[in-house]
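Worksheet for the structure shown next.
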Amino acid sequence: MKQSQKERSREERTFSFFENVWAVTRLIPKGRVTSYGAIAKYLGAAKSARTVGYALNACHGHKPKVPAHRVLNRNGMLSGKHHFGASDVMQKLLEKESIRVEKDTVVDFKKLFWDPMKELA
DNA sequence: TAACTGACTCGGC
DNA sequence: AGCCGAGCCAGTT
């Protein structure tokens with residue numbers, strides 16, 4: 001099982017791991033959030049959460065907007081706010097979607113969590 | 001070309 | 001309960 005997954009991802013990732021990350025990110029419904037790990041897992045690279053974050057970093061000024069502010073770390077913390085220019089931009093974007101943020105952490109993260117594995121299965 | 005880095009996560013102590 | 005090390009991918013130096 002693990003073996004086949006490895007083989008499979010080899011071809012798919014040639015299409016660009018980033019593209020996939022952005023694609024999934026754009027599917028996140030407004031007012032909902034997800035985590036790097038969830039996306040990574042959905043793409044078949046559970047341990048590449050780090051790379052997912054890196055991909056979002058590269059989405060700056062990319063075509064269809066990539067709602068990177070809806071992607072947080074597993075604790076619901078705005079770990080990437082620092083990369084939105086001003087440190088409060090990300091939070092404002094979230095609050096605009098009725099998502100409450102307290103101390104760099106999304107309130108009710110579990111409730112608002114959008115799992116691509118379940119939602120897109 | 002090798003080594004380093006980073007918006008992460010998990011498992012072991 | 002908190003710290004440490006390892007794995008993952010791509011771009012930079």
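A quick note: this is a predicted structure, and the numbers were derived from the prediction, not measured. Proteins come first, then strands; the chains are lettered A, B, ... in the order of their sequence lines, and each starts at number 1.
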Note, [X] side chain near [Y] side chain (heavy atom, < 4.5 Å):
X	Y	answer
Asp115(A)	Leu120(A)	no
Pro116(A)	Val24(A)	yes
Val106(A)	Leu72(A)	yes
Leu56(A)	Trp22(A)	yes
Phe17(A)	Val52(A)	yes

Practice task
Would you jot down, in residue-number order, the residues of residues 94-115 of chain A having a non-hydrogen atom under 4.0 Å from DNA chain B?
Solution key: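 Under 4.0 Å from DNA chain B: no residue of residues 94-115 of chain A.
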Problem - For DNA chain B, the residues among residues 76-90 of chain A that have a non-hydrogen atom under 4.0 Å from it - result: Ser79(A), Gly80(A), His83(A), Phe84(A)
Sub-3.5 Å pairs of nitrogen or oxygen atoms, protein against nucleotides 9-13 of chain B:
from	atom 1	to	atom 2	distance (Å)
dT9(B)	OP1	Arg74(A)	N	2.9
dT9(B)	OP2	Arg74(A)	N	2.8

Problem - Path from Leu27(A) to Tyr36(A) over hydrophobic side-chain contacts below 4.5 Å - result: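 Yes, one cluster joins them.
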Practice task
State the CG-CG distance between Asp88(A) and Leu94(A), to the nearest 0.5 angstrom.
Solution key: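 Atom-to-atom, Asp88(A):CG and Leu94(A):CG are 11.5 Å apart.
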Handout entry: Worked verdict on Leu93(A) versus Phe84(A) for side chain to side chain contact (heavy atoms under 4.5 Å, CB included)
Key = CA-CA 10 Å; Leu93(A) 285 171; Phe84(A) 275 78; 4.0 Å; yes
Practice task
Taking all heavy atoms of Ser48(A) and all of Ala40(A), pick out the closest pair and write down the distance.
Solution key: C-CB, 3.9 Å
Fill in the blank from the handout: For Asp104(A), the side-chain hydrogen bond (donor to acceptor under 3.5 Å, both in side chains) test, sequence neighbours excluded, returns Lys81(A)
Once you round it to whole Å, what is the distance between [atom2] of [N] and [atom1] of [X]?
X	N	atom1	atom2	result
Asn57(A)	dC9(C)	CG	C1'	13 Å
Leu43(A)	dC9(C)	CG	P	12 Å
Trp22(A)	dA10(C)	CH2	P	12 Å
Glu19(A)	dC9(C)	CD	P	17 Å

Exercise for the section: Using modelled atom types only, decide if a donor and an acceptor are shared between the side chain of Arg26(A) and the backbone of Val66(A) within a distance under 3.5 Å. Expected result: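 Between the backbone of Val66(A) and the side chain of Arg26(A) there is no qualifying donor-acceptor contact (under 3.5 Å).
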Practice task
Return yes if some donor-acceptor pair links the side-chain N/O of Thr34(A) with the main-chain N/O of Trp114(A) below 3.5 Å, else return no.
Solution key: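 Yes: the side chain of Thr34(A) pairs with the backbone of Trp114(A).
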Handout entry: Interatomic distance at P, dA6(C) relative to dA3(B), whole Å
Key =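 Approximately 16 Å lies between the P atom of dA6(C) and that of dA3(B).
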Practice task
Sort and list the pairs that fulfil salt bridge (charged side-chain N to carboxylate O under 4.0 Å, His left out) and have at least one residue in residues 93-103 of chain A, not counting sequence neighbours.
Solution key: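 As it turns out, the salt bridge (charged side-chain N to carboxylate O under 4.0 Å, His left out) pairs with a partner in residues 93-103 of chain A, which skip direct neighbours, are Arg70(A)-Glu97(A).
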Handout entry: Closest listed nucleotide, where the reference is the side chain of Phe17(A) and the choices are dC8(C), dA10(C), dA7(B)
Key =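 For the Phe17(A) side chain, the nearest candidate turns out to be dA10(C).
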Enumerate the protein-to-nucleotides 11-13 of chain C contacts in which both atoms are nitrogen or oxygen and the separation is below 3.5 Å.
from	atom 1	to	atom 2	distance (Å)
dG11(C)	O4'	Tyr54(A)	OH	2.9

